[in-house]
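Treat the numbers as computed from the prediction; the structure is a model and nothing was measured. The chains referred to below are lettered A, B, ... by the order of the sequence lines, with proteins before strands, and numbering in each begins at 1.
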Amino acid sequence: MRDGNLKQVGPAEIASDLLVWYDVHARAMPWRVPPADKLSGVRPDPYRVWLSEVMLQQTTVAAVKDYFHRFTTRWPTVADLAAAEDGDVMGEWAGLGYYARARNLLKCARVVVADHGGVFPDTLAGLLKLPGVGPYTAAAIASIAYDLPEVVVDGNVERVMARLHNLHDPLPGSKPQLTELAAGLTPAQRPGDYAQAVMDLGATICTPRNPACGICPLRSPCVARVQGTALELPKKTPKKPKPTRLGIAYVGRRADGAYLLERRPDKGLLGGMLGWPGGPWSEGGAAEAPPIAADWRLLGAEARHTFTHFHLILQVRIADLPQGANPEVGQFIEPETFRPSDLPTVMRKAFDLARGGFDNTP
DNA sequence: CAGACGTGGTC
DNA sequence: TGACCAAGTCT
C-alpha cells in the first residue's frame, strides 16, 4: 500500500503506535517522569502533576516552565502550599493569567491537606470535587499520576481526534463526539503515557497551522490527511469581536518610595491581584476620581492591553503623595516589600510607564 | 450554555 | 497590526 492511501488500523494498534512513538519522542518536562524511568518503578508526584496541569490550562509549556520551577522551589509539597499566604501565591502567579486558577489552587491545596491528609484523591470522582479541577484536569491527574485509564480530552486531543476521524462538526458542540472517539482509543495499558503521547503529538506533529503529516505515527489511519482537510480541522464556531474599553490607572508614590496599591476583590477580572486604583473600565470612557487629592499628572503615553474579551486603553496618571497621606482606597506598599513582578501584566505595563514619568519629573 | 476569564507567541 | 492560538473551569 502506498503511503498516501488510507489504511484500516484498529484502536489498539493506534494506541500502540502512539506509545512506540512516545518512547522515542517524549518531550522532557520538569513535572514528567520519562517512559524509561517508569520501567524502574518511578512514579510522578501527584502534587507536581496537579500543579503543572493547572498551570497548563490554556497556557503554553514555554510560559509555564519558570513558574513551575519557582512554585515547587518555594512550596515543595502541597502542605507547604496550603500554609502559604494568599498574597504570596497570587504574587508568584502574577503574569501567568487566569487568576481564578491561583485562587482555586490555594483552595484546593488547603482542601487536600484538611480533608485528605495531604494526599490527592486517586479516583476521577474524588479529583473532580476539588476546586479548579474539571473534567480535563481530573482525568489528566488520574491517568498521569495514578495510571488509571481515564479519558483525557484537551485541545490537542480534540484536534487529533477531529483529524484522525475527519469530523467536521464545529466545537464546542462536537466535544461529546470527540470525547467518545478519544474514549475508544484510550488503552488499559500505560494510559498515563498514552495521554501525554496524544498531547505531545498535538503539540509537535499534529499542530494547528503546519501539521507534519509526513512524519506522523498516525498518518496511515488519518482520514483528514488522505482527504486533505487536516488544516481546516477542528472547525470552531466563530468568535465575537472584542470591544475597546477605556480606563485610568492612578500610580501614586509616597516620599519614601512606597506605592499606593489596592487588592482587587476575589470575584471578577484580575480577582485577588494587586492593582492601581482607577475604578471600573468601560466603553463609555474613564472618569473615576483619584484615590486621594493630589497633583495628578496625565502621562502622554497610554498602556494598551488585550484581555480575552475586550481591548483596554489605560490612561496613566501619576502623583507624588505626602508622607502622611491617608487615602480612602488601597494601601501603601513599602519599597522593600514591593515587587513589580507581583503585578498582573496590565498593571505592570502601567507601572513601567509611570516609572518613566517619575524619572522625568524629579 | 454562552460568556467571563490573561497572557505571550506566531503568522 | 491584529486575529488566532495554548494541557480549561466556573457560572
Which atom of A:D169 lies closest to which atom of A:S174, heavy atoms considered: O-OG, 3.2 Å
Can you tell me if A:K107 touches the phosphate of C:dT9, counting only side-chain N or O atoms and a distance under 4.0 Å to OP1 or OP2? no
Heavy-atom contacts under 4.0 Å between residues 85-93 of chain A and DNA chain C, which residues? none
Any protein N or O atoms within reach of nucleotides 8-11 of chain B? Criterion: under 3.5 Å, listing atom names and distances.
| from | atom 1 | to | atom 2 | distance (Å) |
| --- | --- | --- | --- | --- |
| B:dG8 | OP1 | A:T345 | OG1 | 3.4 |

Taking C:dA6 as the reference, what is the distance to B:dC5 when you measure between their P atoms (whole Å, please)? 22 Å
Please determine, by modelled atom types, if A:H305 and A:K349 share a side-chain donor-acceptor pair under 3.5 angstrom. yes
When A:P208 and A:Q57 are each assigned the nearest nucleotide of DNA chain C, the 5'-most assignment goes to A:P208
Between C1' on B:dC5 and OH on A:Y99, what's the gap in Å once rounded to a whole number? 11 Å
Sugar-phosphate only, base, or nothing, as touched by A:L96 at under 4.0 Å among non-hydrogen atoms: base
For DNA chain C, find the residues of residues 126-150 of chain A with a heavy-atom distance under 4.0 Å and give them by number; none if there aren't any. A:P131, A:G132, A:V133, A:G134, A:P135, A:Y136, A:T137
Atom-pair distance (CZ on A:F310; P on C:dA3), nearest Å: 16 Å
Apply the test ring pair (Phe, Tyr, Trp, His ring centres under 6.0 Å) to residues A:F310 and A:F307: give CA-CA distance (whole Å), side-chain angles for both, the deciding distance (0.1 Å), then the verdict. CA-CA 5 Å; A:F310 66 94; A:F307 293 97; 4.9 Å; yes
Report the distance from atom NZ of A:K242 to atom C1' of B:dC5, rounded to the nearest whole Å. 11 Å
Assign A:R32 to base, sugar-phosphate, or nothing according to its heavy-atom contacts below 4.0 angstrom with the strands shown. base
Using the P atom as the reference point in each nucleotide, state the distance between C:dT9 and B:dG8 in Å, no decimals. 22 Å
Roughly how many Å is it from CD in A:E158 to P in C:dT9, rounded to a whole number? 11 Å
Roughly how far apart are A:W296 CH2 and A:D320 CG, rounded to 0.5 Å? 9.5 Å
Hydrogens and angles aside, do A:S40 and A:D37 bring a side-chain donor and acceptor to less than 3.5 Å of each other? no
Mind running side chain to side chain donor-acceptor pair (under 3.5 Å) on A:R317 and A:Q315 for me, showing each step along the way? CA-CA 7 Å; A:R317 295 169 190 257; A:Q315 278 188 351; 3.0 Å; yes
Go through the side-chain N and O atoms of A:Q57 and A:R101 and say whether any donor and acceptor fall under 3.5 Å apart. no
When rounded to whole Å, the CG to C1' distance for the pair A:L269 and B:dT7 reads 12 Å
For A:P44, does its backbone N or O pair with a side-chain atom of A:R48 as donor and acceptor, under 3.5 Å? no
Output, in order, the C-alpha distance, side-chain angles, deciding distance and verdict of salt bridge (charged side-chain N to carboxylate O under 4.0 Å, His left out) for A:D200 and A:R32. CA-CA 12 Å; A:D200 273 19; A:R32 186 178 269 184; 2.9 Å; yes
Using a cut-off of 4.0 Å on non-hydrogen atoms, how would the nucleic acid contact of A:M29 be classed: base, sugar-phosphate, or nothing? base
A:Y67 and A:W93 aromatic centres sub-6.0 Å: no
Check DNA chain B against residues 163-189 of chain A and give the residues with a non-hydrogen atom under 4.0 Å, in numerical order. none
Protein-nucleotide distance (A:K239, atom NZ; B:dG6, atom P), rounded to Å: 16 Å
Spacing of the P atoms in B:dG3 and C:dC4 (rounded, Å): 15 Å
When you measure from the side chain of A:H309, which nucleotide among C:dA6, B:dG6, B:dA4 comes out closest? B:dA4
Using whole Å, what does the distance between atom P of nucleotide B:dA4 and atom CZ of A:R264 come to? 16 Å
Can you give the donor-acceptor pairs under 3.5 Å from side chains of residues 142-154 of chain A to other protein atoms, not counting sequence neighbours?
| from | atom 1 | to | atom 2 | distance (Å) |
| --- | --- | --- | --- | --- |
| A:S143 | OG | A:A139 | O | 3.0 |
| A:S143 | OG | A:A140 | O | 3.3 |
| A:Y146 | OH | A:F120 | O | 2.8 |
| A:D147 | OD1 | A:G192 | N | 3.1 |
| A:D154 | OD1 | A:N156 | N | 3.2 |
| A:D154 | OD1 | A:V157 | N | 2.9 |
| A:D154 | OD2 | A:N156 | ND2 | 3.0 |

More 5' along DNA chain C: A:N104 or A:A203, using each one's nearest nucleotide? A:A203
Report the distance from atom CD of A:Q58 to atom P of B:dA4, rounded to the nearest whole Å. 15 Å
Treating A:Y250 as the side-chain partner and A:E288 as the backbone partner, does any N or O pair qualify as donor plus acceptor under 3.5 Å? yes
NA contact type, A:R304, heavy-atom cut-off 4.0 Å: base, sugar-phosphate, or nothing? nothing
Lys/Arg cation over aromatic A:Y194: A:R190, 6.0 Å, 45° cone: no
Looking at A:W281, does the NZ or CZ of A:R264 lie under 6.0 angstrom from its six-membered ring centre and within 45 degrees of the ring axis? yes
Sequence-distant partners of A:D352, salt bridge (charged side-chain N to carboxylate O under 4.0 Å, His left out), two or more places apart: A:R348, A:R355
On DNA chain B, compare the nucleotides closest to A:R101 and A:K240; which residue's is nearer the 5' end? A:K240
Nearest-Å distance once atom C1' is located in both C:dC10 and B:dC1: 12 Å
Using the ring centroid of each side chain, check whether A:F338 and A:F332 are separated by less than 6.0 Å. no
How is A:G202 classified with respect to the nucleic acid when contacts are heavy atoms under 4.0 Å: base, sugar-phosphate, or nothing? nothing
